[in-house]
Amino acid sequence: MTSSRFDVGRAKELQEVLASRVDKTYEIGSINNVVGLDVAYVKDVGIAVAALLNYPQLQLKEYVVVEGVVEIPYVPGLLAFREAPLMIKAYEKLGHDADLVVVDGHGITHPRKFGIASHIGLVLDVTSIGVAKNLLYGKVVKYADGVEYIVVDGEVCGLVYRWLGKNTYVSIGHKISMKSLMKLIPNLYKNHYLPEPTYIADTISKKFRRL
DNA sequence: GCGACAG
DNA sequence: ATCTTGTCGC
C-alpha cells in the first residue's frame, strides 16, 4: 500500500517555482505590530496560534487559536505543507493586518530557498521572517563585521542571532532585505532566547494542548 | 553509499 | 513536534 498521498516531488517543484517570487529587497517602513505564528500537536490534531503584539513594546494585544487534523507528514524541507495551512487560517482570523510576521521555522535558508516563513509571507502578501532553533540548510560564515551569516549558494540569506546564551537562526521570509532584517531583529527579543512573538505564540499553543 | 535533516 | 522526573546550572 502507498503510505501517504502527499506528493513530495510535486511539493518540491512548487517550492522551486515560488522561490522566484520572494522579495528580498524591500526596506520595511514603520512597524506598529508584529504577529507570531506557531503550532503544537496532540496526535494528528494541530493547534495553531497567531499572536498579535504591539511594537516596540511587544505586549500581547490579541490572539487566535485554530485546531484541525493535520494529514501531511513532517518531511525536512517541506514543513510548510504540514503547518502553513493552519497558521494562515489563524492569521486571517485576527482583527488586524500585521506589519511583520515571525514564523517558527526557516525562510530562504532552505534547500530551495523557500521555507515556511517565505511560503506564508508570499501567500498572505506580508513581510515575514523565519526564526528557527536549529539550522536546516546553508553554511554559517563569520564575516569581518563579526556577524555570523547563513550563506546559501554564495548568497547571504540570514544570520545567527544569539540571545541569553542561545542561538536562533534568523532568515529572510518575504518582503524584507537583509539590511532591514538586521536592523529589526534585536528589537524582537526580550526575556527569552526566542523572539517574543514566537515565545508568546508557543506558550499559548502549548497551553491549549493540555486542555 | 553515507550523513544531514526546521517542526 | 512529542514522549517524560528529577536534576544540573545560572
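So that the names make sense, note that chain A is the first sequence line, chain B the second, and so on, each numbered from 1.
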Reported CZ-to-CG distance for the pair Phe114(A) and Leu18(A), which is rounded to 0.5 angstrom: 4.5 Å
Mutual orientation of the aromatic rings belonging to Phe208(A) and Tyr63(A) [parallel < 30°, tilted 30-60°, perpendicular > 60°]: perpendicular
Phosphate OP1/OP2 of dA1(C) contacted by Lys43(A) side-chain N/O (<4.0 Å): no
Charged N-O contact under 4.0 Å between Arg162(A) and Glu148(A): no
Range on DNA chain B touched by chain A - first to last nucleotide, heavy-atom distance under 4.0 Å: dC5(B) to dG7(B)
Phosphate OP1/OP2 of dA1(C): any Arg82(A) side-chain N/O under 4.0 Å: no
Sugar-phosphate, base or nothing in reach of Ile116(A), heavy atoms under 4.0 Å: base
Touch class at under 4.0 angstrom, heavy-atom based, for Gly165(A) against every strand present: nothing
Side-chain donor-acceptor pair present, Glu83(A), Tyr41(A), cut-off under 3.5 Å: yes
Sugar-phosphate, base or nothing in reach of Ile47(A), heavy atoms under 4.0 Å: nothing
Nearest-angstrom distance from the residue atom CG of Leu86(A) to P of dA1(C): 16 Å
Over 12 non-hydrogen atoms of neighbours within 6.0 angstrom of NZ in Lys12(A): no
Touch class at under 4.0 angstrom, heavy-atom based, for Tyr41(A) against every strand present: sugar-phosphate
Gap between atoms CZ and C1', on Phe208(A) and dT2(C) respectively (whole Å): 20 Å
Over all atoms of both residues, closest heavy-atom pair of Ser177(A) and Ile172(A): C-CD1, 4.3 Å
Protein-nucleotide distance (Lys166(A), atom NZ; dC10(C), atom P), rounded to Å: 13 Å
Under-4.0 Å side-chain N/O to phosphate OP1/OP2 contact, Arg210(A) with dC3(C): no
Donor on one side chain, acceptor on other, Tyr199(A) and Asn191(A), under 3.5 Å: no
Glu67(A) CD to dA1(C) C1', straight-line distance once rounded to whole Å: 16 Å
